[in-house]
Amino acid sequence: MAKEALEVLLSAEQINEKIKELAAEITKDYHDKNPLLIGVLKGAVVFLSDLIREIDVPLEVDFMAVSSYGADTASSGIVRIQKDLDQSIKDKDVLIVEDIVDTGLTLNYLFENLGSRYPKSIKVVTLLDKPDRRKVKFEADYCGFKIPDRFVIGYGLDFNENYRNLKDICILNA
Ligand code: PRP
């Protein structure tokens with residue numbers, strides 16, 4: 001099988017720099033709060049683990065796993081919860097952590113679903129945003145990089161579950 005060609009879109013250095021900026025903003029906005037950061041498995045794990053170590057406020061972490069539901073999932077917008085939170089988010093300042101917003105369907109669903117559980121506040125931080133792919137209007141509160149509509153892997157993002165361990169974010173030219 002031919003090896004796919006990888007082209008670096010965002011280097012580890014660029015990602016690290018951006019994470020420091022995002023964390024500084026989040027630290028400022030949450031300086032008097034004790035936020036609960038919710039990582040969306042699996043792609044966000046690498047981003048979340050680097051991000052939390054740069055945020056200088058007391059915080060908690062939990063995880064959710066979701067997947068699109070049914071055959072025509074890409075357009076249905078129906079999302080199934082595979083793993084729910086371990087705790088109630090009532091009266092908590094929730095910050096959802098995602099690796100990428102693509103169509104916006106996942107975050108649109110999560111925002112509604114978690115929003116109905118009476119959090120004190122709910123915001124979203126995403127490392128990547130592909131605005132050209134949007135099917136529903138969704139804007140993250142904190143966004144690292146807006147990127148073109150190319151298939152990207154690395155730094156948590158996969159192709160058939162591979163490449164999540166790359167330090168850079170790369171375009172996959174299959
Ligand atoms: C990716 C990503 C988001 C979602 C964004 O997850 O982590 O959760 O897709 O896409 P959307 O804006 O079109 O809804 P994926 O389903 O690839 O699962 P993974 O995180 O386990 O890789």
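Indexing begins at 1, ligand by ligand and atom by atom, following the structure's order.
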Check your understanding: Among all protein non-hydrogen atoms, which one is nearest to atom 20 (O) of ligand 1, and what is the separation to 0.1 Å?
Key -> Gly43 N, 2.8 Å
**Study point:** Lys135 touching ligand 1 at heavy-atom level, < 4.0 angstrom
**Key:** no
**Study point:** Note, Lys123 side chain near Asp93 side chain (heavy atom, < 4.5 Å)
**Key:** no
Check your understanding: Salt-bridged, Lys28 to Glu25, with N to O below 4.0 Å?
Key -> no
Exercise for review: Identify, for atom 10 (O) of ligand 1, the protein heavy atom at the shortest distance, and state residue, atom and that distance.
Suggested key: Asp102 CB, 3.5 Å
Check your understanding: Any idea how Phe111 and Phe138 line up, ring-wise: parallel (<30°), tilted (30 to 60°), or perpendicular (>60°)?
Key -> perpendicular
**Study point:** atom 5 (C) of ligand 1: the protein heavy-atom neighbour that sits closest, reported with distance to 0.1 Å
**Key:** Ile100 O, 3.4 Å
Check your understanding: Just by distance, do the side chain of Asp62 and the backbone of Ile38 share a donor-acceptor pair under 3.5 Å?
Key -> no
Review point. So is there a nitrogen or oxygen of Val40 less than 3.5 Å from a nitrogen or oxygen in ligand 1?
Key: no
**Study point:** For atom 17 (O) of ligand 1, closest protein heavy-atom neighbour
**Key:** Asp158 OD1, 4.3 Å
**Study point:** Any Lys33 side-chain heavy atom under 4.5 Å of Lys120 side chain
**Key:** no
Review point. Counting only non-hydrogen atoms of the protein, does one fall under 4.0 Å from atom 15 (P) of ligand 1?
Key: no
Review point. With a 4.0 Å cut-off on heavy atoms, does Ala44 reach ligand 1?
Key: no
Point to revise | Inter-residue atom distance Leu166.CG - Leu6.CG, 0.5 Å rounding | key: 6.5 Å
Review point. Among protein heavy atoms, which lies nearest atom 2 (C) of ligand 1, and at what distance?
Key: Asp99 OD1, 3.3 Å
Point to revise | Closest approach of any protein heavy atom to atom 4 (C) of ligand 1, naming residue and atom | key: Thr106 OG1, 3.7 Å
Practice item. Could you check Asp129 against Arg134 for salt bridge (charged side-chain N to carboxylate O under 4.0 Å, His left out), going step by step and ending with a plain yes or no? Key: CA-CA 9 Å; Asp129 186 355; Arg134 212 59 109 249; 2.9 Å; yes
Practice item. Provide the number and element of each atom of ligand 1 under 4.0 Å from a heavy atom of Leu41. Key: 20 (O), 21 (O)
Check your understanding: Counting only heavy atoms not in Asp56, do more than 12 fall under 6.0 Å of its CG?
Key -> no
Study note, to complete from the structure: Quick look: Gln82 vs ligand 1, heavy-atom contacts under 4.0 Å, and the answer is neither
Check your understanding: Which residue and non-hydrogen atom of the protein lie closest to atom 11 (P) of ligand 1, and at what distance in Å?
Key -> Thr103 OG1, 3.3 Å
Point to revise | Where ligand 1 meets Lys42 - atom numbers and elements under 4.0 angstrom, heavy-atom basis | key: 19 (P), 20 (O), 21 (O)
Check your understanding: Taking atom NZ of Lys167 as the centre, does the number of heavy atoms from other residues, nucleotides or ligands within less than 6.0 Å exceed 12?
Key -> no
Exercise for review: Considering the heavy atoms of Leu105, write down every atom of ligand 1 situated less than 4.0 Å from one of them.
Suggested key: 12 (O), 14 (O)
Point to revise | Atom CZ of Phe151: over 12 foreign heavy atoms under 6.0 Å | key: yes
Practice item. Just need the protein heavy atom nearest to atom 8 (O) of ligand 1, so name the residue and atom and give the distance. Key: Glu98 OE2, 2.5 Å
